[in-house]
Participant: 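Below you'll find the structure I mean.
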Amino acid sequence: MIAQVIVDVAARQTDRVFEYHVPDGLDADVGSRVIVPFGRRKVQGFIVSLTEQSSFAGQLKDLLLVVDEMPPLTEELVELSADLAREIFAYRISILKTMLPGVMRANYRKILVPASEQAAKLPLFQGDEVDLANLEEAHLIKMVKQLISKGEARIEYLVENQARKKMTAVYFPRLKAEEYRELLNEVRAGASQQKKLLSDLAENLPAYPKSREQLKELGISTAALKNALEKNWLSLKEVEQYRRPTKPVAPSQPLKLNADQAAVLDRISQDLQAHKSQTFLLEGVTGSGKTEVYLQAISQALALGRTALMLVPEISLTPQMVRQVQSRFGQQVAVLHSALSEGERYDEWRRIRRGEAQVVVGARSAVFAPLHNIGLIIIDEEHEGSYKQDNNPRYHARDVAIWRSRYHGCPLILGSATPSLASRARAQKGVYQLLRLQKRAKNQPLPRVDLIDLKHVQFAGSQFDLSCPLTEAIQDRLAKKEQVILLLNRRGFANFMLCRNCGFVLKCPNCDLSLTMHKDTWTMQCHYCGYQEAVPEVCPNCRDRQIRFLGTGTQKVQEELSELFPQAKILRMDVDTTRRKGSYERILTSFGRGEADILLGTQMIAKGLDFPNVTLVGVVNADTGLWLPDYNASEKTFELLTQVAGRAGRADKEGQVMIQTYNPDHYAIRLAQKQDYELFYAKEMQVRHAGDYPPYFYTVLVSVSAKNEQNAAREAFKIKRQLLSVLKAPTIVLGPAPATISRLKNQYYYQILVKYKREKHLNELLHQIQDQAQEVKKYGLNVEIDPEPERIM
DNA sequence: AGCACGCCGACT
DNA sequence: GTCGGCGTGCTC
């Protein structure tokens, strides 16, 4: 038997199978994680197929070890990895590694071992093993080299498995319930602990085996247990114990659906029953009851003996959310997200792999959960940018979900109040099936949304951050002991030019996108086409001198708030205050308990939070994201404002939303005020059409980086020429232009954007460029290819 | 990637 | 003469 193995060496030349002979007695299968000899060393690898006939001319080496008792990868995942690698220009091994929990990544070590008894007596070998990676002293390095060349020592290559199982001691019963009952009569009267133990055994025998902790909770001491072991009432065994990230929760019953919800569920149910792979776009305003539809659809999948996968953005994977799913499906649920420890993640993952969990809730990478027989996939808040991984391998969870939906013949639900334009457009074309939930489930009215035009308003504090109307409204809520959420839109921290007098924003004449100020060169630059001009001193529109380069921070606003409301308690939530594990949750619970009056934060407070006492939501600066040099700036702004507006007045109290903006007439802001997604969609599609942007065009971003700016630029131009030699209209090749952060960690970035409708040879051409990238890497040039980038900055 | 081989200049 | 710098090529 011959195994075809993808080895753990991420490089162009090794991005293919290597064949190994499977020695007798080794239980190797497709998907197995194995250790193989590779050149002089040993590496980890994954078997992607088994054959009888080798295509390799040389002598095959033997597999050394099969690491896990059960292959970690299913055949489906092995197949998926091949397709995905091709699509997103990633090495297959990188994809296989991202499919698995982090602890399955191998740890490589090189140690020196003596080759003779003589050598073993050297002082060098007397302490711990000699790890060659930690060898620093020059004389020791020299000595080691001599030993090796004289044949007195050799290097041993180790591949270590980091996966650890947690073992725990549990007590098994050795007798029958009646026998324990009889024993209960025999023990002497004073032996209270023994009595407790025996009566528990007699009455709750099916609940056994029990752990030491469980028995201690019953008031049975270690001494009493020792005694029970000696008397052969119990036996002790070490068994594996799962590290569970969540506590059991009280079960919940399905809610009664309204007519809209029932119709949607019914439509999904049809394809679920029919084993049909169909993508649904479920468009439903905040509070329309999407979650209940998800839960009941999952129930149906389970009833058919199938499994379900539900993805949510990391940020909304709050304990409340997880609890909701768990209260419906209990122990069948496995949870996968970044707040888990490595051990917890490994154990949750193994529960899935072993078929012990049938429902998976998780963030982006959970899309690779090793479920069998998937009956339903759900992506909630499908418009969220976090579903696309922004470093290698740059996969989009939605694309992976579509692939898996085809593989399993199951429905995929994309749910959102503000679907991404790409998804909404596909629904328009009939690629996805559009389903709508237009009413709020409990028939609450949408909150009132007011726009505050910052061009014609008095500011309350010393800074130009908080207007009088907003501060008055805050004052009012503070007096009523109600709570306030303030959102500071940090997206778009890049400095753009804004006129305080007329609201004018300096834009690129070719691209209709805002220019970004570069302090180093004192120029305004376009990051799409490379256009640049000098930083203006007066507003090019109205000649006013009151021009500003925007960018504000939560700290600054917090200071201003405490200045205006010295008596108010303010909680700040941003990357700085949530860096530590669990702090996100801590801040939210504290606010939920009413320990603060105002919650001030960035994007992260806009999602999925539900605080009944919040009656005012203020947006400090709606515009910052609007003039970002990205074609989807309006879409992201609309999304954010609509989501945040949904945070006000979710219970019985009426809510109000105040949005401060310099651009009250901009369609993204106006339509967010009206909460009119459909109109926004129509308008934005026109804009995208006029600008040849997605979803009318597909995009690929090729970025080149180097320590030396000229080298990066030169290579970028070379790649552009190469692209132009093959690609023809209507394909558009823009750039190279310096990236928004043109220098990052001393690397200069240049990027080329390819916009295309249909290009048969593009994939092949990009693979060629990727191959060349490996060659030019030695000159310090890095080339990266990002299909359908989320951000082009 | 990482390891060896091989070629060249620099030194005890 | 040998040590160590980096370019080149290979890994089943």
Side-chain angles (χ1 to χ4, degrees), chain A residues 1-24 26 28-67 78 81-82 85 89-98 104-113 130-151 153-160 162 391-393 707 711 770-784:
Chain A
M1 184 86 89
I2 289 152
Q4 300 197 305
V5 174
I6 298 287
V7 292
D8 184 15
V9 181
R12 200 76 270 251
Q13 295 101 308
T14 51
D15 188 27
R16 57 184 178 87
V17 295
F18 287 84
E19 293 183 329
Y20 291 88
H21 172 249
V22 182
D24 290 344
L26 223 50
D29 218 329
V30 170
S32 289
R33 180 163 65 126
V34 294
I35 308 298
V36 295
F38 196 64
R40 192 147 306 215
R41 31 186 198 139
K42 293 178 207 163
V43 296
Q44 183 166 285
F46 296 94
I47 301 181
V48 294
S49 71
L50 292 169
T51 56
E52 293 297 333
Q53 204 61 54
S54 169
S55 55
F56 182 61
Q59 178 69 39
L60 292 187
K61 293 182 179 176
D62 278 4
L63 287 183
L64 298 174
L65 181 73
V66 176
V67 185
V78 169
S81 71
F89 310 97
Y91 300 126
R92 195 157 175 204
I93 188 64
S94 327
I95 296 189
L96 292 171
K97 281 162 89 174
T98 48
M104 291 189 132
R105 227 167 300 146
N107 204 13
Y108 297 102
R109 291 208 304 143
K110 266 164 65 176
I111 59 165
L112 190 73
V113 291
V130 186
D131 192 321
L132 293 175
N134 302 336
L135 215 59
E136 266 154 26
E137 288 163 83
H139 78 274
L140 280 178
I141 295 173
K142 203 161 186 180
M143 182 173 163
V144 165
K145 278 191 177 157
Q146 277 173 359
L147 284 173
I148 293 169
S149 65
K150 280 191 272 174
R154 61 187 170 78
I155 298 173
E156 192 163 352
Y157 294 84
L158 300 181
V159 185
E160 286 169 355
Q162 299 184 65
N391 46 37
N392 283 328
K707 274 227 155 37
N711 288 351
Q770 190 189 221
D771 288 356
Q772 292 160 21
Q774 180 89 8
E775 284 159 37
V776 296
K777 208 166 184 154
K778 52 184 174 241
Y779 308 117
L781 282 158
N782 298 301
V783 180
E784 286 201 22

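Protein chains get the first letters and strands the later ones, always in sequence-line order, with residue 1 at the start of each.
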Participant: Rounded to the nearest 0.5 Å, how far does CD of A:Gln4 lie from OH of A:Tyr20?
Facilitator: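 Going from OH on A:Tyr20 over to CD on A:Gln4, the span is 12.0 Å.
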
Participant: Provide, to the nearest angstrom, the distance between the CZ atom belonging to A:Arg41 and the P atom belonging to C:dC10.
Facilitator: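 Interatomic distance, CZ of A:Arg41 to P of C:dC10: 16 Å.
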
Participant: Do we see A:Phe56 stacking on the base of C:dC12, given a limit of 5.5 Å between centres and 30° between planes?
Facilitator: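 Stacked: ring centres under 5.5 Å, planes under 30°.
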
Participant: Can you tell me which residue among A:Ile47, A:Ile6, A:Val7 is in a side-chain contact (heavy atoms from CB on, under 4.5 Å) with A:Val17?
Facilitator: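 That would be A:Ile6; it is the only one of A:Ile47, A:Ile6, A:Val7 passing the side-chain contact (heavy atoms from CB on, under 4.5 Å) with A:Val17.
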
Participant: Would A:Arg12 and A:Asp771 pass as an ion pair if we require N to O under 4.0 Å?
Facilitator: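 Salt bridge present between A:Arg12 and A:Asp771.
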
Participant: Distance check: side-chain N/O of A:Lys110 vs OP1/OP2 of B:dC3, anything under 4.0 Å?
Facilitator: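 Yes.
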
Participant: Taking atom C1' of C:dC12 as reference, at what distance in whole Å does atom CE of A:Met1 sit?
Facilitator: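 My rounded result for the distance is 17 Å.
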
Participant: For A:Arg40 and B:dC5, what is the distance between atoms CZ and C1' respectively, to the nearest whole Å?
Facilitator: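 Distance check: A:Arg40 CZ to B:dC5 C1' gives 10 Å.
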
Participant: Between P on C:dT2 and CD on A:Gln146, what's the gap in Å once rounded to a whole number?
Facilitator: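 Distance check: A:Gln146 CD to C:dT2 P gives 13 Å.
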
Participant: Quick one, A:Phe38 with A:Phe18, criterion ring-ring contact (aromatic ring centres under 6.0 Å, His included). Give me CA distance, side-chain angles, the key distance, then yes/no.
Facilitator: CA-CA 9 Å; A:Phe38 196 64; A:Phe18 287 84; 4.9 Å; yes

Participant: In this structure, how many angstroms lie between the P atom of C:dT8 and the NZ atom of A:Lys777, rounded?
Facilitator: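 So the NZ-P distance, A:Lys777 to C:dT8, works out to 18 Å.
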
Participant: Which is true for A:Gln13 with a 4.0 Å heavy-atom rule: it touches a base, it touches only sugar-phosphate, or it touches nothing?
Facilitator: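 If one applies the 4.0 Å heavy-atom cut-off, A:Gln13 turns out to touch a base.
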
Participant: If I take atom CD1 in residue A:Ile148 and atom P in nucleotide B:dA4, what distance separates them, rounded to the nearest angstrom?
Facilitator: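 It is 9 Å, rounded to the nearest whole Å.
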
Participant: Base, sugar-phosphate alone, or nothing: which one does A:Tyr157 contact when heavy atoms must sit under 4.0 Å apart?
Facilitator: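 If one applies the 4.0 Å heavy-atom cut-off, A:Tyr157 turns out to touch the sugar-phosphate alone, with no base involved.
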
Participant: Over all strands shown, is A:Arg16 touching base, sugar-phosphate only, or nothing at heavy-atom distances under 4.0 angstrom?
Facilitator: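 Answer is base: heavy atoms of A:Arg16 come under 4.0 Å of a base.
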
Participant: Suppose we call a contact any N or O donor and acceptor under 3.5 Å apart; does that hold for the side chain of A:Arg12 and the base of B:dA1?
Facilitator: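 Check fails, no donor-acceptor contact within cut-off.
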
Participant: Under 4.0 Å, counting only non-hydrogen atoms across every strand here, what does A:Ala10 touch: a base, just sugar-phosphate, or nothing?
Facilitator: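 If one applies the 4.0 Å heavy-atom cut-off, A:Ala10 turns out to touch the sugar-phosphate alone, with no base involved.
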
Participant: Hey, could you give me the CZ/CG distance between A:Arg109 and A:Leu132, rounded to the nearest 0.5 Å?
Facilitator: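 Rounded to the nearest 0.5 Å, the CZ-CG separation comes out at 10.0 Å.
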
Participant: Take the protein atom CZ of A:Phe38 and the nucleotide atom P of C:dC12, then report the distance between them rounded to whole Å.
Facilitator: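 That distance rounds to 6 Å.
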
Participant: Given atom CG of A:Asp15 and atom P of B:dA1, what is their separation to the nearest angstrom?
Facilitator: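 That distance rounds to 12 Å.
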
